[in-house]
Every structure is written in structure tokens, then in C-alpha cells.
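A short worksheet on the structure shown next.
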Amino acid sequence: MDLDRAYSRIADRSYEDFRAFLDAAAARGGSRTAFRWRPEGAESERLVSFAELKAQADGVGSFLLARGFARGDRVAILAENRPEWCVAYLAIVAAGLVAVPLDATLDEGGVLRNLGAARCRALFVSEKLARRLPGLEAFRAGAGLDLVVDFDLAPSSGAGSGAGTRGGQVGQVGQGGSAAGRLSWAEVAATPASSLLPKPGEIGAKAAAVVFFTSGTTGIAKGITLNHGAVIANVNASRMSLLVTEEDVFIAMLPLHHTYATTCSFLSGVEAGSTVVVVDRIAPSAVLRAVREGGVTFLIGVPLLFDKVRAGIEAELAKLPGPLPGLLKRALALSRFMTLRLGLPIGRLLFKAVRAKASLGSVRLAVSGGGPLAPATADFFDALGINLVQGYGMSENGPLISVNLPERKDNRSVGFPVKRTELRIFDPGPDGIGEIQVRSPSLMDGYLDNPEASAEAFTDDGWLKTGDLGRVDRRGFVFITGRRKSLIVTEGGKNVYPEEVEGRFEGAPWIKEVLVVGRPARSGHPGEEVVAVFVPDYEAVELAHPGRSGDASFVAGLLREELFRVNKTLPAYMKPCDFLVKPTEFEKTSTRKIKRFLYQEYARRPS
């Protein structure tokens, strides 16, 4: 396929930096709505225009620069999805500072570790998540965290459009808008734009823009540093592959601290001049309501969401009276054949009423990423009249690497390399399968303060080693066939790093060794569930419970209690759902490291 021709249908708009990006997007959008959001439990929506987006972003940037923040200083964002999250991100990067999005599901220890690792000077936080950080003030004293801005803190009495200014110059925010050392977002965002803001192009494409942490429940987390040019190139590639226009309406339901959500759900929509409907929870009911009310045309999600929507629709169809379920099943089969084999999407007409009933009537394109999509699910949406395409990426590449095109796709594949992205198969076997390696303008600068890991991530000639195994067929489609890394990808598209979970068992009295592995999800959905493999400390059991170390049921009970204890400290997606007992120690290298590769399939074996 002629990809250059395919990508040429949408204007190739590049920007030197996010200052130029923000100015151009605001000029393109004008008074049109940039964000719409209905907070959980609220009766009405909140709307933010492109003009308001720019005014608030410029105000926040001016405030930070007036407080002495300098080029390259890092500013963290910790909040559920909301327009302020997006405005804060653009304010930070367009001021020449570095945004550090934090995972909203982390416990306090994880948040403070990442704040410290990134040496953040400021934190933008929602009231809800601030309540989970009782130790924040004590942490600030020794960590150089100069400012905490609360998205929900009411402004001081009498504060208005001039809040935070004196005589038209940036000054101090009123003390009335402060609680527990926090400042009010409303006052900070009302700061007038100042001459301190950089001019378009002044920051430059090579300046660091954002640090995304791969995970954060232990010190193992890696901070992926992306520069302005890298992120903007990926936004541009996303828009050109998927034919995005200002007429589209996006939905930002995936957590914005992930590169996938930030690049594809938020920044791509803003760049195109589209409206972004913000959803603060990923529950299917909340998502479908937002799609219906917002007229969403561009639905970006993870495989599990599409699996659940499919299951819901199929369940409702099965409840219809008489012969209708059978007739609709045959109609879906016919539509699937006509769409996939003959290229005739008759489902657009046949199932218009079904899509409307399911709150999907406005959707023109759905995109799945973050994990493997079941081909049967993609086929179902195609038959229903919704074009669902699958993509592939890594945060280290901004993240998008490849995606199926709306008019040219294979539901078993992750599509074609996106604009300006080169992909090669390293050391392929007779079947053409080898490691997928990537080179593009979107490659990370490296892992924060970790030169060894950064060097290991790249080949000597500058290609990113993805650790994924795959092949490219004669048509140019990319297929993922496996992974070299120990990374576990859950059915919800979450990445679980086994070492992090294993570290939580350190000091457990009855566990001598632990290894965390993945096994196919029992639900039947693509993806894996997390399983712990324990080697019991039989000597410790015998000392504490004489005569019971040989009782397998008793020992398993002790191990189960330790698993429950650790699971209370982990985010839901990281919790081992089961455990296995290995009576003998794991095989190790000469340096006493477990030969992990020997046990990747351990949990898949019949018991």
C-alpha cells in the first residue's frame, strides 16, 4: 500500500514546540468548544472554549514563570480526568516547563516517590486525590515542592478576573484561596498572560516536554522523557492515519496519565480543533452516556471496554421476543461477510437502530489500543456498522507505532507503521518472526536519570528495542506474535511489571521466594491475569508451628494470608488473582538471580 499517499489526505501540520502548538490550536478553534465534562453526580455539563483554554493556559504559565520557575523545571499533575488536567498540561509545556503526569491510582507512597524522583517543583492536584496524601506537607519541606495548586479549592473572597495580579503584573495569589498550603486553581488560571511566556519556536523541538512514569508503586518505576518534537510528531501521525478533522468529537475516558490517552484522546483532538468530551471514570455506562450526550464520533478505548460493550449488546439482543434474536444473529453474520469479504459495510444501514439504542449512533470510528484486541470483537463492531481499528504502541515512542487505517485494515493485525515511523524485524526466524524495532521522531530521549536502562533500550544504530515479537506480511501489515519481556499486559490493557509486585512480598515470614507471572485471563478475553508463584519457607513455618510444615493445606493458608495482605497495598490491576506453590527453589544464575525466562509459562501448565 502507498502509505505516503494515504497519509497525504490530511494536512501535515508540524510545530516547533508546544507554544506554537497551543497558539495555532486556539486560533483554529476560536470560540468553539474544546472540552465538555459532566462531573460525576452533576446535573449539567461544564464547557471550555478554545479561547478559554488558551487564556487559562497562558495564565497558569505566566503565574509559574513569575514565581521563578525556569526552563526545564518539572511540574506534576495528579487528578482524575477533567478539563483542568488538560489545561494544566498545555500550560506547563507551553511555558517551557516539563509536565509529569502521575497515576491517579497510586497510593501515597507511590505518588511521593515519583514526585521525588522527578524533583518536581509544583503539583496540580484535585481535592479528591489530595485527601489521599496526608503526608504531602511533610514531604514538601525536604523535597523542594514549592507550590501545590488545588483544582477544586475555592478562590479567596473578592477574587475575580484580576486575582493573582497587581497593577496588571503577576503577583501573589490571595491568601484566602489557600488551604493546607494549597493555592486555588481558579485564581492561578485567572492570571493575565505576561511577557514572560516564550514566543513560538523559542522553546524548541528538542526541549523536554513530559516525563511519563511507566509505573510507580516501588522505586523500580522508569520516567520516560519525551521532547516537544517527539510528542507533536506522534499527535500529527495519529491525526493523519485516522483522518481526523475538526468535525470530529473525541472522548477522553482512558486515564490521562498514560501516553496513549494523552496523545490520542486529548492532544490529537485539540490539535484538530475538535471537541473533547472528558469522562472521569471508565465504567461502560458512564462512557456510553457521554458518547450519546456529546455526539462522540471518535471512540478511543482499550480491548476490555469493547469486549464489554459487545457482550452488553449481544445480551440485549438475546432478550428480544420470538424469532428476533435468531434473525438478528443471521443478519449480523451476513453483514460481517459483506463488510469483511466484499468491502460493503451494510451494517451502517441494517443496524442503525441497534447502534442508536446502544448509545453508539454518532460513532464513525473506534480505535483500540493498550493491549491485544480479539479479532472476533473487531468483526462484531464491523458487522454492527462501526469501524473498529486496532493500533500498537509503546510509551517510549510517544506512544503510537502502528495502526490499521479506516479504509484498509486486518482485524488480526496492528496495522501499518504511522507517518515518519520506520519498523523492522530484527533477526527473523524462518517464519519471519523476530523482535520489532522502531525508529521515529517520537522516540524518547531516555529514562529519567537512568543512563544504563536508556542505553539498553536502543540498538547501537539507534532503533528502539520493543521487546515484542512479530512479523510483517507481504501487504505491509504488522502482526504481534509474543513478547520477550516479562511484562504482563492485563485484559484491561494495563502493564504490570512483575518485579514491582514481587517487591511487596519482601519480609513475608512464610515466603522464601516469589515470582510473579501472567496466564491467559479466565474470562476468555485477550490479555493476562497476574499470578504469584511462592516457594514456602518451610523452616520458618516449622519453627512457628511445629509439626505443621508438612501440611500442604496449612502452608497454603499461610501463603494465602500473605497474598491478601499484599493485595491490600496494590492497585486493582496489579493484584495477583491466584497463587501457586513451588516446593523447591527456582533455578538461578551464578549471581543468584532467578532464571525468569524458565518460568514464564509456569502458571499456564495444568495443575
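For the single chain, residues carry numbers from 1 onward in sequence order.
- Residues P372 and G527 approach most closely at CG-N, 4.1 Å, considering heavy atoms.
- Enclosure of atom CD in E407 by more than 12 non-hydrogen atoms of other residues, nucleotides or ligands within 6.0 angstrom is indicated.
- Looking at D280 and R38, no side-chain N of the basic residue comes within less than 4.0 Å of a carboxylate O on the acidic one, giving no salt bridge.
- Defined by atom type and a distance below 3.5 Å, a donor-acceptor pair is present between the side-chain atoms of T377 and D307.
- The pair E80-R82 counts as a salt bridge, with a side-chain nitrogen and a carboxylate oxygen less than 4.0 angstrom apart.
- Within 6.0 Å of CZ on R341 lie no more than 12 heavy atoms contributed by other residues, nucleotides or ligands.
- More than 12 heavy atoms of other residues, nucleotides or ligands lie within 6.0 Å of CZ in R292, so this atom counts as buried by the packing criterion.
- Shown here are the side-chain hydrogen bond (donor to acceptor under 3.5 Å, both in side chains) partners of Q56, two or more places apart in sequence or in another chain: there are none.
- Using a 4.0 Å cut-off between charged side-chain N and carboxylate O, K465 and E456 make a salt bridge.
- For the residue pair S440/E422, the side-chain donor-acceptor check at 3.5 Å is not satisfied.
- Evaluation of the salt bridge (charged side-chain N to carboxylate O under 4.0 Å, His left out) rule for D431 yields no partner, not counting sequence neighbours.
- In this structure a side-chain-to-backbone donor-acceptor pair under 3.5 Å is present from T245 to E247.
- S395 places no side-chain N or O within 3.5 Å of a backbone atom of T259 that could act as its donor or acceptor partner.
- At a cut-off of 3.5 Å, with distance as the only test, no side-chain donor of Y7 or D12 sits close to an acceptor on the other residue.
- The pair R19-D58 meets the salt-bridge criterion, with a side-chain N (NZ, NE, NH1 or NH2) lying under 4.0 Å from an Asp/Glu carboxylate O.
- In terms of modelled atom types and a separation under 3.5 Å, the side chain of H228 and the main chain of F18 share a donor-acceptor contact.
- The pair E246-R28 fails the salt-bridge criterion, with no side-chain N (NZ, NE, NH1 or NH2) lying under 4.0 Å from an Asp/Glu carboxylate O.
- Under 4.0 Å is where a charged nitrogen must lie from a carboxylate oxygen, and between R46 and E84 at least one such pair does.
- A donor-acceptor contact under 3.5 angstrom links the side chains of D379 and N411, judged on distance only.
- E396 and Y447 share a donor-acceptor pair across their side chains, judged by distance under 3.5 Å alone.
- Atoms CZ and CH2, on R439 and W463 in that order, are 4.5 Å from each other to the nearest 0.5 Å.
- Ring to ring, Y89 and F266 are close: their centroids are under 6.0 angstrom apart.
- For the pair D461 and R424, the salt-bridge criterion is met [side-chain N within less than 4.0 Å of a carboxylate O].
- Listed by chain and number, the residues in a side-chain contact (heavy atoms from CB on, under 4.5 Å) with P303 are S368, L373 (sequence neighbours excluded).
- Smallest separation of non-hydrogen atoms from K409 and V389: CD-CG1, 3.8 Å.
- Between D73 and R119, no side-chain nitrogen of the basic residue sits less than 4.0 Å from a carboxylate oxygen of the acidic one, so the salt-bridge criterion is not met.
- Between the OG1 atom in T262 and the CZ atom in F212 there is a gap of 4.0 Å [rounded to 0.5 Å].
- T339 and D382 are not linked by any side-chain donor-acceptor pair at a separation below 3.5 angstrom, with hydrogens and angles left out of the test.
- When each of I92, L448, V210 is paired with R74, the side-chain contact (heavy atoms from CB on, under 4.5 Å) condition holds for L448 and for no other.
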